[in-house]
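Start at 1 with the first residue, then count along the sequence. Side chains included, hydrogens not; waters and symmetry mates left out as well; all remaining heavy atoms used. In listed order, ligands and their atoms are each counted from 1.
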Amino acid sequence: MSSQLTAPAAIVLAAGQGTRMRSRIPKVLHPLAGRPMLDHVLGALARAGIEHPVVVTGHGADDVEVALGDRAATVRQEPQRGTADAVRLGLERVAPGTETILVTMGDAPLQPAELFTALIRERDASGAALALVAARLPDPTGYGRIVRGADGGATAIVEEADADAETRAIDEINAGTYAFDAVWLRDAIGRVQPAASGELYLTDLLALALEDGRTACVVNAGDPSDALGINDRVGLAAAEERLRRRITEEHMRNGVTIVDPSTTRIDAAVEIGQDARIEPWTILSGATIIAQEAVVGPHAQVRDSRIGPRTHVWASVVEESTVAEDVSIGPYAHLRPGAEIGPRCRIGNFAEIKKSRLGAGTQQHHFSYLGDAEIGENVNVGAGSVTANYDGTAKHPTTVGDRVRLGVDTMMVAPVTIGAGATTGAGAVVTRDVAPGKTVVGMPARPIDVARSSDPPADESRDPGAGEAPVPSGGGSEPAVEADRTPPNGR
Ligand code: UD1
Ligand code: CA
């Protein structure tokens, strides 16, 4: 094997319109496993040691360039005259002195890094003008076919549109990924002649190399589906399926139990710890981290969140939230952006939490809402308790101290603070701060004197019960406040 003078460079073709997608979004930006298609190509190149490729943009260039950021150099191809024309432009941005140039397509996102590495190794070792990736596909429709000569060597690539029936019957296809001898490529690219359609085909370089008395070699994709090029949304869904399977298999090999991979969707960036268990019908997306021994699902959806060790998320939606260890979430909880759930909390039964922190051991069930709230430890949020955090113009904070017991239907009209150890009666509308240890009842809630029994033990076996709270005696908005008529536990 010849030694590399410089690291290989890469050109990624992404200027085409992607007409068959029938989309206003550039094809290479359509998401696959939670990331733009083009990101998968860039990721595989980076893993193959090619960090800063040249991306040829054109259709939707502004959007594609924004999505790329500083991860690639870009050059615009306008108009799009074909893949050879795109490479000619890309070459202008490749540093001189590069020995080998990899060319690949932005619409072929399933190619693994090893394929790029093997291709470059083969090109370098053989000294060929080019090495290209081929695959045998059960349905080769739409791809360029590889024509082999009497000696078995590849002699030409014929595009579907230009192929006769015999050539169309060939099931060996051109994946669209090549490693080139850079010096030869720079010379040959200008010699490509337009096809019948007027397009300049990169695939013509194979025949040109042979005319120049150079060799060309073919590397077979280990898994034929690695070569899949995405041209329409049917192809996009097929690629998604392949990628999902690859992702779930990788997690399983790393020690994660995935009970039913066929109903589990895990984005490429998700991290999952050892002995975590992902139950059926679960979607993990974005930058989500699931810690070891956590159980997620069945029927859970977690996006851009952290789930702590041994926590169970069951039939719930968690977005942009952080959940500590040993927590139970669900069924039917909704953690909206900014929820921070402390250790051993229990959240379920139509509980909604937004931009709020819950201290260790706090429980919230039964159709309740906490927004912009700071909730202490071992708090019991009674059924129907709600923070009225929005006055129509601005959001206001609610603070609830440790060991507070919020009676059923407590309304916390923010901004408001309920001190540690306080209790609210059923239906209390808390409009003013409550001092620590106090019991308040009514609308608006007023303090009453109760000899409160000692705080309930933070014991998991004890069901807090939705109705636990002092109930103001009498009705209406003027509740009686005599202590002796208001039992502390509402029984
Ligand atoms: C191309 C190959 C075909 C191969 C297939 C693999 C050619 C002529 N054909 O066909 O042999 O089997 O890929 O998927 O190369 N692009 C540009 N500028 C252009 C035209 C295209 O940048 O002027 C880009 C596209 O954005 C796309 C890639 O090149 O990412 C391939 O173009 P596409 O039109 O999809 O080519 P195919 O018909 O799939
Ligand atoms: Ca294509």
Shortest protein heavy-atom distance from atom 28 (C) of ligand 1, along with the residue and atom involved: Met105 SD, 3.3 Å

Intermediate values then yes/no, side chain to side chain donor-acceptor pair (under 3.5 Å), Glu319 and His334: CA-CA 8 Å; Glu319 310 170 83; His334 186 184; 2.7 Å; yes

Under-4.0 Å heavy-atom contact with ligand 1, by part of His59 that carries it: neither

Test item: protein heavy atom less than 4.0 Å from atom 23 (O) of ligand 1: yes

Enumerated ligand 1 atoms positioned under 4.0 Å from heavy atoms of Lys27: 35 (O)

Spacing of Met37 atom CE and Glu240 atom CD [to the nearest 0.5 Å]: 10.0 Å

Greater than 12 external heavy atoms within 6.0 Å of Glu250's CD: no

For Arg81, atoms of ligand 1 separated by under 4.0 Å from a heavy atom: 23 (O)

Contact atoms of ligand 1, heavy-atom distance to Tyr201 under 4.0 Å: 8 (C)

Minimum heavy-atom distance Gly106-Leu38, with the two atoms named: CA-CD1, 4.0 Å

Exam field: side chain Arg245 to backbone Arg242, donor-acceptor pair closer than 3.5 Å: no

Heavy-atom gap Asp85 to ligand 1 smaller than 4.0 Å: no

Minimum heavy-atom distance between Arg303 and Ser305, given as atom pair plus value: O-OG, 2.8 Å

Closest approach of Ala73 to Arg93 (non-hydrogen atoms, all atoms of both residues): CB-NH2, 3.8 Å

Close N or O approach (Gly82, ligand 1; < 3.5 Å): yes

Flag if over 12 foreign heavy atoms under 6.0 Å of CZ, Arg357: no

Identity and separation of the nearest protein heavy atom to atom 16 (N) of ligand 1: Gly16 N, 3.7 Å

Selection from Ala227, Ala195, Gly229, Ala175 by shortest heavy-atom distance to atom 6 (C) of ligand 1: Ala175

Full working for salt bridge (Lys or Arg N to Asp or Glu O under 4.0 Å) between Asp372 and Lys354: CA-CA 7 Å; Asp372 305 295; Lys354 185 220 73 175; 3.0 Å; yes

Nearest non-hydrogen protein atom, atom 11 (O) of ligand 1: Glu159 OE2, 2.7 Å

Any N or O of Thr203 closer than 3.5 Å to N or O of ligand 1: no

Minimum heavy-atom distance between His365 and Arg346, given as atom pair plus value: NE2-O, 3.8 Å

Taking atom 18 (N) of ligand 1 as the reference point, the nearest protein heavy atom with its distance: Gln77 OE1, 2.7 Å

Atom of Thr100, atom of Ala182 and distance for their closest heavy-atom approach: N-CB, 4.4 Å

Donor-acceptor contact present, side-chain Arg123 to main-chain Ala131, <3.5 Å: no

Whether over 12 other heavy atoms sit under 6.0 Å from Asp151 CG: yes

Mode of Ala14 contact toward ligand 1 - side chain, backbone, both, neither (heavy atoms, under 4.0 Å): backbone

Donor-acceptor contact below 3.5 Å, side chain His299 vs main chain Pro280: no

Heteroatom proximity flag, Gly144 to ligand 1, N/O under 3.5 Å: yes

Arg20 contact mode with ligand 1 (heavy-atom cut-off under 4.0 Å): side chain

Residue and atom name of the nearest protein heavy atom (relative to atom 4 (C) of ligand 1), distance in Å to one decimal: Asn174 O, 3.2 Å

Minimum-distance protein heavy atom relative to atom 32 (O) of ligand 1: Thr83 CG2, 4.1 Å

Listed protein N/O/S atoms, distance to the Ca ion (ligand 2) under 3.0 Å: Asp107 OD2, Asn231 OD1

Val55 versus Ala72, closest heavy-atom pair with distance: CG2-CB, 3.7 Å

Nearest non-hydrogen protein atom, atom 39 (O) of ligand 1: Asn231 OD1, 3.7 Å

Trp184 atom CH2, over 12 foreign heavy atoms within 6.0 Å: yes

Contact with ligand 1 for Gly106, non-hydrogen, under 4.0 angstrom: yes

Protein contact of atom 29 (O) of ligand 1 - nearest heavy atom, named by residue and atom, plus distance: Leu13 CB, 3.4 Å

Heteroatom proximity flag, Asp107 to ligand 1, N/O under 3.5 Å: yes

Over 12 non-hydrogen atoms of neighbours within 6.0 angstrom of CZ in Arg306: no

